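These notes concern the structure reproduced below.
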Amino acid sequence: MKRRSFLKNGALASLSLPFVQNGLSMQAVAKKLFDVPKSAEDKVLVIIRMNGGNDGLNMVFPTDQYSELMVQRANILIPENQILPLTPAVGLHPKMTGMQTLFNEGKLSVIQNVGYPQANRSHFRSMDIWTTGALDINQTSGWLGRYFDSAYPNFPDDYPNVDYPDPFAISLGSEVSTTCQGLMGNFSHTVSNPFNASNLLLTSVTNDGTYYGGQIEYISTLINQTNEYGQQISGAASSGNSLSNLYDPNNPLAVQLKYVAQMISGGLKTKVYILNVGGFDTHDAQVDQNNVSEGVHADLLLRISDAVSAFQHDLQLLGLEQRVAGFTFSEFGRQVASNGSFGTDHGDAAPLLMFGSCISNGIVGSNPVIANQVNNQAGIDMQIDFRDIYASILKDWFEVDPNVIQSLFEQNITYYDLLQGCTNSILEKDPSNSQGALVYPNPSLGQHHLKFMAQSERYEIFLIDQQGRVQAKVLDQHLIQGEQNLSFEVHNLATGTYYYLIKSLHYQELVGFQKQ
Amino acid sequence: MTPYSGPWTAVEAAHLLRRCTFGATFQEIEDAVNAGMATSVNQLFSPSLTDDPLAYDTAEQIVNLGETWVNAVYPQDNTANQQTEGARMKSLGAWIAKNLNQENLTLTEKMLFFWQNHFGVTSSGDARAMYQYLQLLRQHALGNVKQLVKDVSVDPCMLLFLNGSTNTVYSPNENYGRELLELFTVGKGPQLAAGDYSTFTEQDVAAAAKIFTGNIVQGVRSATLNQVTSTFMPILHDNTTKTLSYHFANQSITGNGVMEYADYIDVVFNQNDTALAICRKLYRYFVNYEITPWVEQNVIADMAQTFAANNFEIAPVLIELLSSEHFYDISMRGAIIKSPLEMLLTMLNTSETTANFDLQSTYQIYLSMYGLADQMGQAYAAPPSVAGWTAYYQAPAFYRLWINSTYIKKRFDVANLLTSNLYNVNGNVFKIQVLDLLNGLSVPYSAPQVIDDLCLVLFPKDIPAADKLLIKNILTNGLPDFEWTIQYNDYLSDPTNPVFYTPVESRMQAVLNVMFKMPQFHVC
């Protein structure tokens with residue numbers, strides 16, 4: 001199923017842009033409005049690590065096997081009528097309404113039964129496998145670290161530089177990401193708060209007035225001064241923007257994703273953002289005994305679903321949707337059968353969620369097969385190798401040469417169609433797709449006309465000056481397929497060069513005119 | 001000095017060992033707790049020997065690889081001679097780092113470096129001479145300082161370094177005499193008048209120059225002599241009577257040939273300023289950079305008195321200092337910024353990480369360690385000047401001079417390198433043995449205890465509980481503590497299985513990486 005076939009335009013059309021912002025942020029928005037992803041260089045990947053082993057069967061439900069699930073995990077199983085349907089055979093946890101909406105909008109993929117051969121149920125070993133992207137015990141670099149090494153040799157010695165002033169990856173929090181460990185350095189830069197990104201320190205440093213206090217204060221000041229990326233990040237965050245009001249300030253992941261949106265919209269060239277949500281190691285009390293739809297796991301899923309849907313909403317408002325994609329992963333799923341403590345123990349494969357407006361398919365892979373009797377310690381069998389998912393992301397999203405990709409991985413790669421939803425829809429990539437926008441008369445004095453061919457979808461049209469500043473949003477509505485001929489009054493505009501930016505989900509064009 | 005009589009716990013023991021060694025293990029701290037303060041301090045004065053440096057670089061053209069070059073001639077051919085010297089200096093640098101890394105739990109290496117800084121000698125063209133000189137410092141490192149100064153005064157390496165080898169009755173050279181007074185003994189005070197430095201005058205410099213005349217050095221990079229030696233030549237010595245300034249009560253040094261320099265050094269050591277100057281340096285090295293009037297009166301004065309009363313044996317002074325209330329005072333903890341070598345070696349020695357590979361790889365790794373310290377501002381065999389490293393004397397910054405924006409970045413690079421698996425020499429990976437470190441802690445399967453123990457070993461003061469939690473979360477990867485226990489026990493049950501030890505190792509590497517980058521690690 002291609003994404004367009006299940007696109008729901010209604011949800012999009014109901015949104016409006018709160019465009020009255022301060023000038024600085026406005027510029028950043030305008031800059032981004034031009035910023036169609038011309039190449040893989042502009043693509044951003046967001047990785048959300050669900051730490052502890054996520055119970056996939058309590059997140060994505062094979063609803064066609066509900067009775068088998070009841071055999072396996074009756075004490076934690078959510079009532080069938082509360083499960084949010086995605087397809088007739090697949091449903092989501094009831095807390096994940098945000099992600100259900102994303103799915104319906106064609107912005108969420110469920111990739112089924114992701115794992116690797118001969119699953120290891122040690123958190124630590126399995127997380128190393130997932131972050132290195134390799135089963136080989138001797139592999140110590142991360143899968144993205146290897147990619148970065150191939151694309152940006154001589155790191156870290158030659159970086160940052162004029163062409164690459166920003167960190168390649170940002171790890172939100174205090175620990176650099178193993179995923180980004182390269183041969184000679186780690187490509188990820190830790191950021192706790194991008195508005196104060198000069199602060200590299202993990203822990204508190206207070207000068208208590210002793211010699212010791214004076215020394216550690218001195219050292220910590222120097223450490224922060226040495227942070228080459230600090231200014232870049234803080235600058236981007238403060239000139240960036242966030243337009244969604246859906247972020248819950250009490251949801252740490254939402255707060256961090258809002259930071260990510262601000263950094264991207266502020267023009268930071270960072271390609272990868274890594275976020276971490278802990279607490280998935282739900283051996284006991286995974287669900288509330290009295291209400292299995294509530295509990296620890298439900299809260300975690302709610303956080304992820306809400307945060308990601310707020311983020312996606314923000315990206316849409318910022319005009320950045322086509323530049324950003326993301327996915328979640330966990331070191332393993334949990335066992336099919338629940339335990340007596342209303343929890344689940346370490347298992348094997350689990351579904352992985354991918355989000356973004358450029359996803360290719362809603363559901364990748366088929367439902368796991370749930371046995372009709374309890375088989376102690378059984379996990380979910382792997383259907384899709386996570387290393388192939390990584391490889392496919394590198395191919396679809398960063399457009400890495402398949403020969404290079406193969407050199408980064410140990411397995412013979414099987415590619416999946418994951419992030420090709422936007423590939424052929426961007427005007428700049430396919431000139432024949434030009435919708436022939438034209439302003440007449442040009443130069444203009446008073447009233448003039450903007451003519452272009454529209455598809456049946458929501459359009460936004462911005463009037464932008466030569467400095468890239470948005471002067472006005474002149475249109476925001478769902479258009480019917482066919483030639484449009486809109487008329488605008490421009491006699492109030494100062495003399496100069498202006499542009500109309502015509503934007504839809506699949507189309508973007510800039511057309512200029514002179515005001516006399 | 002008031003002796004320390006407070007509690008003797010791991011905190012005090014760790015403080016003692018941090019200040020006196022290049023890194024103690026958790027077990028060594030525990031042992032010191034059990035031994036008590038007096039025994040622990042006394043044990044620091046045990047003798048410490050070292051093997052000779054070995055030839056490992058193929059540019060060495062006289063001895064076989066694996067043999068020592070310290071008593072070997074140089075090639076006749078000029079190019080081969082230079083290449084051999086290069087090979088020997090590399091061997092010497094590696095050997096220096098190796099000794100620091102493989103130190104016994106004694107003060108020897110710490111005091112050896114103290115003297116290397118004190119005399120500020122840079123190698124003068126013959127690795128054998130530098131080796132002999134360092135062995136001379138080692139021999140006296142914990143011994144008699146007056147004898148050390150006497151021996152250094154006629155050591156070939158020093159004679160070459162401060163022009164003693166060309167100081168003759170015909171052309172006296174003041175270089176050594178001046179530095180002896182200004183830096184090695186009485187020290188320089190405020191200038192009272194032209195040529196009068198409170199503790200000595202230009203008259204004393206001129207007299208000292210004459211007193212030290214007459215030594216020649218032979219054998220530098222010689223193809224026939226297997227040692228660099230100094231010889232006293234009576235014909236080159238100024239045997240006249242020299243009169244010292246009023247600071248020395250206008251004493252006369254009568255011509256006494258080969259023994260005259262020793263007579264003079266006895267006189268210099270009779271000056272109370274000598275004991276005071278050396279004790280101030282010891283204080284800055286072991287306690288704190290700031291010498292307040294209180295410290296001058298109550299600590300330095302006592303040290304100097306003990307020093308003189310024991311005929312300038314260093315051990316009684318240090319034992320008194322290291323057993324004093326002042327040394328263990330809470331306000332002195334963490335006052336010192338670790339030198340590059342202290343930082344680097346602490347990373348290795350707290351886990352007893354050593355390079356034990358084939359000769360070439362081992363020496364290459366140790367030479368790299370020497371080079372890393374050099375890049376952070378501390379090339380052991382090449383102090384920036386005869387005054388030593390500025391961090392030990394330059395007011396008001398003192399130890400802060402070890403850290404600037406370049407050096408802190410380098411310190412972080414070193415932390416990254418040694419907590420990774422990336423440093424590979426001829427197929428041998430050199431990295432901190434984090435599993436040994438972990439297994440030596442009190443309760444390695446307990447995540448909170450692991451962090452507590454690591455803080456004790458690596459930080460001079462305890463850090464807030466909230467900060468420990470952050471570090472613990474790195475160890476456990478954010479999981480509940482029991483998951484760490486399971487993982488550690490799995491590893492213990494099958495310790496050679498990489499599937500079990502690799503994750504434990506990578507978590508410990510992540511923890512150390514973060515701790516090494518905390519400001520608290522860089523002070524001691």
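This one's a predicted model, so the numbers in the text were calculated from it and none came from an experiment. Numbers restart at 1 for each chain; the letters A, B, ... are given by sequence-line order, proteins then strands.
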When you measure from the side chain of B:R18 to the backbone of B:F459, do you find a donor-acceptor pair of N or O atoms at a distance under 3.5 Å?
yes
Report yes or no: does A:N54 contribute a side-chain atom to a donor-acceptor pair with the main-chain N or O of A:M50 at less than 3.5 Å?
no
Is it the side chain or the backbone of [X] that comes within 4.5 Å of chain A heavy atoms, both, or neither?
X	value
B:F412	side chain
B:S506	side chain
B:V499	both
B:N513	neither
B:P464	side chain
B:F482	side chain
B:Y289	side chain
B:R400	both

Most contacts with chain B, counted as non-hydrogen pairs under 4.5 angstrom, among [options]:
options	result
A:T210, A:I137, A:N120	A:I137
A:H283, A:E228, A:Q181, A:M184	A:H283
A:E175, A:H123, A:R125	A:H123

Residues in residues 468-477 of chain B near chain A [non-hydrogen atoms, under 4.5 Å]
B:L470, B:I471, B:I474, B:L475, B:T476, B:N477
For B:F521, does the six-membered ring have the charged nitrogen or CZ of B:K338 within the cation-pi criterion, i.e. under 6.0 angstrom from the centroid and within 45° of the normal?
yes
Between A:R334 and A:D281, does any side-chain N to carboxylate O distance fall below 4.0 Å?
yes
With chain A as the partner, which of [options] has the greatest number of non-hydrogen pairs under 4.5 Å?
options	value
B:I403, B:I330, B:V504	B:I403
B:G334, B:P519, B:P480, B:A466	B:P519
B:S420, B:A335, B:G478	B:A335

Portion of [X] that has a non-hydrogen atom of chain B nearer than 4.5 angstrom:
X	value
A:D208	side chain
A:S122	both
A:T140	side chain
A:R49	side chain
A:I129	neither
A:Q215	both

How about [X] and [Y]: does a side-chain donor come under 3.5 Å of a side-chain acceptor?
X	Y	result
B:H522	A:Y218	no
B:E505	B:N421	no
B:Y488	B:N439	yes

In terms of the angle between their ring planes, are B:W402 and B:W389 parallel, tilted or perpendicular, with boundaries placed at 30° and 60°?
tilted
Please check if atom [atom1] in [X] has more than 12 non-hydrogen atoms from other residues, nucleotides or ligands closer than 6.0 Å.
X	atom1	answer
A:Y159	OH	yes
A:E410	CD	yes
B:Q394	CD	yes

Applying salt bridge (Lys or Arg N to Asp or Glu O under 4.0 Å) as the test, list every pair that has at least one member in residues 403-419 of chain B; sequence neighbours left out.
none
With sequence neighbours left out, the residues meeting side chain to side chain donor-acceptor pair (under 3.5 Å) with A:S126 are A:Y116
Please name all residues satisfying side chain to side chain donor-acceptor pair (under 3.5 Å) with A:D55, sequence neighbours left out, ordered by chain then number.
A:R73, A:Q286
Out of A:F124, A:W143, A:F329, which one pairs with A:W130 under the ring-ring contact (aromatic ring centres under 6.0 Å, His included) rule?
A:F329
